[in-house]
Amino acid sequence: MTGASRHILTQDCVLDTGPARLIAVLGAQAGRKFKIGDTAVLGRSGDASVVLEDPEVSRNHARISKSQVGAYLLEDLGSKNGTLVNGLPVKSHLLSFGDKIQVGPNVTLLFAPFDPVEEQLLQRQRLEALGRVGAGVAHDLNNMLGAISASMDYLGKLPGGRMLSDEEVRECFDDIRLAAQQASDLTRGILKFARGRAQAHSPVDLSGLCSDVMRLIRHTFDRAIKVEPRIQPGLSVRGDQAELHQVLMNLCLNARDAMPSGGVLTISASTVTKHGHVLPAQLNPAIPYLMLTVEDTGIGMDEGTRARIFEAFFTTKREGAGFGLGLATVKEVIAFHGGQIQIESNEGKGTRFLIFLPLHDTRNERNSITGAHEVPVSGRRGLILLVDDEVVVRRSFARLLRQAGHEVLEAPDGVQAIELYRRRCPRPNLVILDLDMPVLTGEETQERLLNIDPAAHILFVSGHDEPGRDLMVHARGALGFLRKPCKARVLLGAVSSALGHATERGEPEEFTRPG
């Protein structure tokens with residue numbers, strides 16, 4: 001028995017219980033692969049872990065869950081057209097690798113092992129790419145920290161009579177704010193890039209992801225390379241945000257290397273139209289797609305290089321400059337997301353990569369508070385329990401909340417937060433809860449708070465971007481996520497929205513004022 005794959009004996013078969021995935025073998029998404037974690041819901045709903053685009057599939061059709069001993073159990077969730085395994089209808093069934101799961105009349109999925117070597121290759125390639133931008137990241141962060149430090153030193157030595165409204169004082173604050181925002185954008189981009197594979201696919205704002213990558217490369221690429229964005233807003237796909245970030249970053253890094261003397265890097269994203277684009281033959285024309293392109297004005301490729309460019313371990317770079325995994329990984333990730341990649345290139349005339357991905361309709365997605373957009377701050381006030389183990393973060397958030405008229409209770413960890421919540425009468429109208437804390441994690445604290453008060457209103461804050469954890473706390477009723485660091489107006493707007501959500505759930509009128 002190994003850690004990668006265990007076996008459980010039943011009366012009828014031997015069950016494989018290692019990492020698993022589903023491969024669509026019949027239906028509109030044939031060829032699509034879905035990694036599944038400890039639990040996955042199959043269905044047509046936008047909230048499903050495995051979204052199956054077929055009208056005969058129920059919104060929440062079936063669930064696959066992993067037991068404590070590692071076996072995978074398939075359960076039909078009262079679907080209208082039933083679930084079959086190897087041709088036989090089932091209500092619940094212990095799965096074995098090789099089983100064919102029929103979901104409705106048109107969709108068949110193969111239950112198959114997920115190769116951990118594939119994930120290791122992805123991680124190795126991700127680290128390689130991080131190394132290629134690391135020096136630029138460190139340089140820019142030092143510049144930003146230097147600007148903040150110099151401005152703070154200047155302010156600290158001003159004579160006591162200077163006013164906040166003085167032009168030089170305002171300029172210092174503006175510079176500090178700008179440098180902090182640029183450092184935040186840079187670190188957020190690195191974190192998204194470095195994060196591993198998610199447990200299940202979730203909605204990804206591709207337009208926003210392109211913007212994140214462009215901010216990162218503007219900080220780290222030579223200024224001789226001009227970056228031109230042509231991004232249609234509002235484009236979304238279902239997938240793994242870190243892997244898609246990695247795909248785009250890899251292509252941009254290759255484009256940079258192809259332009260050693262500078263040039264133009266163009267990143268475009270738009271919906272595929274019937275008249276303007278020709279889909280690759282492998283894709284289903286009945287499904288809407290978007291097209292993402294990365295184009296450079298670099299040295300280009302000859303026919304022989306183009307023919308081998310997606311082979312693993314093939315590279316045109318000098319020895320030690322790469323492992324030749326980048327484009328092989330890109331192709332695998334795109335295929336895993338149900339898409340295709342094409343290349344157009346000629347020697348001396350640059351290169352253009354075209355990526356086609358299934359477009360995701362976000363109109364029916366659950367709305368949550370993310371802090372991604374500034375929300376108008378209302379006059380609503382409340383009693384807020386603020387939980388964060390970092391003293392400086394907790395203190396700065398509390399100052400802003402009190403300045404806005406809220407009453408604030410502070411706790412440095414989940415244990416003290418639970419005790420404060422239990423003792424306080426009236427109870428806090430809102431809990432602002434950090435995700436990563438010692439003693440108890442944010443998820444564990446949320447669970448215990450809900451045991452005390454199932455109607456507790458909780459807004460998470462985190463410096464990480466982890467859709468899997470986001471989905472988990474949302475499933476337990478969290479109002480949303482607020483990303484660190486954030487502007488004061490974003491924080492207060494998110495709190496306003498959260499208090500509004502609580503009122504809609506039936507809080508009494510005195511909710512608007514702390515007791």
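Along the sequence shown, residues carry numbers from 1.
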### Summary
Between the CG atom in Leu290 and the CG atom in Leu292, the distance rounded to the nearest 0.5 Å is 7.0 Å
### Message
Quick one, Arg256 and Ile225 - any side-chain contact, counting heavy atoms below 4.5 Å?
### Response
yes
#### Entry: Donor-acceptor pair between Ser79 and His61 side chains, under 3.5 angstrom
yes
### Shortest non-hydrogen contact between Pro358 and His337, atoms and distance
CD-O, 3.4 Å
### Side chain Ser92, main chain Glu75, donor-acceptor under 3.5 Å
no
### Task
Looking only at non-hydrogen atoms, find the nearest pair between Ala224 and Ser261 and report the distance.
CB-O, 4.4 Å
### Task
Kindly state whether the ring of Phe460 and the ring of Phe481 have centres lying under 6.0 angstrom apart.
yes
### Query
Under 6.0 Å from the six-membered ring centre of Phe34 and within 45° of its axis: does the NZ or CZ of Arg21 meet both?
no
### Task
Check for a donor-acceptor pair, side chain of Ser207 on one end and backbone N or O of Leu235 on the other, with a separation under 3.5 Å.
yes
### Summary
Here the gap from Asn250 atom CG to His245 atom NE2, rounded to the nearest 0.5 Å, amounts to 11.0 Å
### Query
Do you know which two heavy atoms are closest between Gly300 and Thr351, and how far apart they sit?
CA-OG1, 3.7 Å
### Task
Kindly indicate whether the side chain of Glu295, heavy atoms from C-beta on, has any atom under 4.5 Å from the side chain of Ser268.
no
### Task
Using modelled atom types only, decide if a donor and an acceptor are shared between the side chain of Arg306 and the backbone of Ser345 within a distance under 3.5 Å.
yes
### Task
Could you tell me whether the side chains of Glu56 and Asn81 share a donor-acceptor contact shorter than 3.5 Å?
yes
### Query
Quick one: does Ser236's side chain get under 4.5 Å of Val204's, heavy atoms only?
no
### Task
Quickly, which of Thr83, Val50, Asn60 forms a side chain to side chain contact (heavy atoms under 4.5 Å, CB included) with Leu42? Name it, please.
Val50
### Task
Dump the intermediate steps for side-chain contact (heavy atoms from CB on, under 4.5 Å) on Arg230 and Ile267, then the final yes or no.
CA-CA 6 Å; Arg230 299 173 185 171; Ile267 301 173; over 6 Å; no
#### Entry: Contact summary for Gln342 and Pro280, nearest pair of heavy atoms
NE2-CG, 3.5 Å
### Minimal non-hydrogen separation, Ala40 against Ser49, with atom names
CA-OG, 3.6 Å
### Task
Report yes if some heavy atom in the side chain of Thr39 is under 4.5 Å from a heavy atom in the side chain of Arg63; otherwise report no.
yes
### Task
Return yes if some donor-acceptor pair links the side-chain N/O of Asp434 with the main-chain N/O of Met437 below 3.5 Å, else return no.
no
### Task
Mind running side-chain contact (heavy atoms from CB on, under 4.5 Å) on Asn346 and Met301 for me, showing each step along the way?
CA-CA 5 Å; Asn346 287 292; Met301 305 178 197; over 6 Å; no
### Query
Just by modelled atom types, is the Phe353 backbone N or O under 3.5 Å from a matching donor or acceptor in the Thr293 side chain?
no
### Query
Between atom CG of Leu84 and atom OG1 of Thr108, what is the distance when rounded to the nearest 0.5 Å?
9.0 Å
### Task
Measure from the side-chain N and O atoms of Arg44 to the backbone N and O of Val57, and report whether any donor-acceptor pair falls under 3.5 Å.
yes
### Message
Walk me through whether Ile36 and Tyr72 qualify under side-chain contact (heavy atoms from CB on, under 4.5 Å).
### Response
CA-CA 10 Å; Ile36 56 177; Tyr72 288 92; 4.1 Å; yes
### Query
Taking the side chain as C-beta and beyond, is there a heavy-atom pair between Leu357 and Tyr289 under 4.5 Å?
no
### Query
Looking only at heavy atoms, which two atoms of Ala71 and Leu94 are closest? And how far apart?
CB-CD2, 4.0 Å
### Query
Should Glu228 and Val264 count as side-chain neighbours, where that means a heavy-atom distance under 4.5 Å?
yes
#### Entry: Leu95 and Ile101: CA distance, side-chain angles, deciding distance, side-chain contact (heavy atoms from CB on, under 4.5 Å) verdict
CA-CA 9 Å; Leu95 292 169; Ile101 305 168; 4.0 Å; yes
### Query
Nearest 0.5 Å, what's the CZ-OG1 distance between Arg352 and Thr297?
14.0 Å
#### Entry: Contact check, side chains of Ile64 and Val41, non-hydrogen atoms, under 4.5 Å
no
### Query
So, Ser96 and Asp99: side-chain donor and acceptor under 3.5 Å apart, yes or no?
no
### Query
Under 4.5 Å between any side-chain heavy atoms of Leu433 and Val461, yes or no?
no
### Donor-acceptor contact present, side-chain Asn86 to main-chain Lys100, <3.5 Å
yes
### Message
Once rounded to the nearest 0.5 Å, what's the spacing between atom CG of Leu26 and atom CG of Asp54?
### Response
9.5 Å
### Query
Does a side-chain N-to-carboxylate-O contact under 4.0 Å join Lys349 and Glu347?
no
### Query
For the atom pair CD (Gln340) and CG (Leu279), what is the distance rounded to the nearest 0.5 Å?
10.0 Å
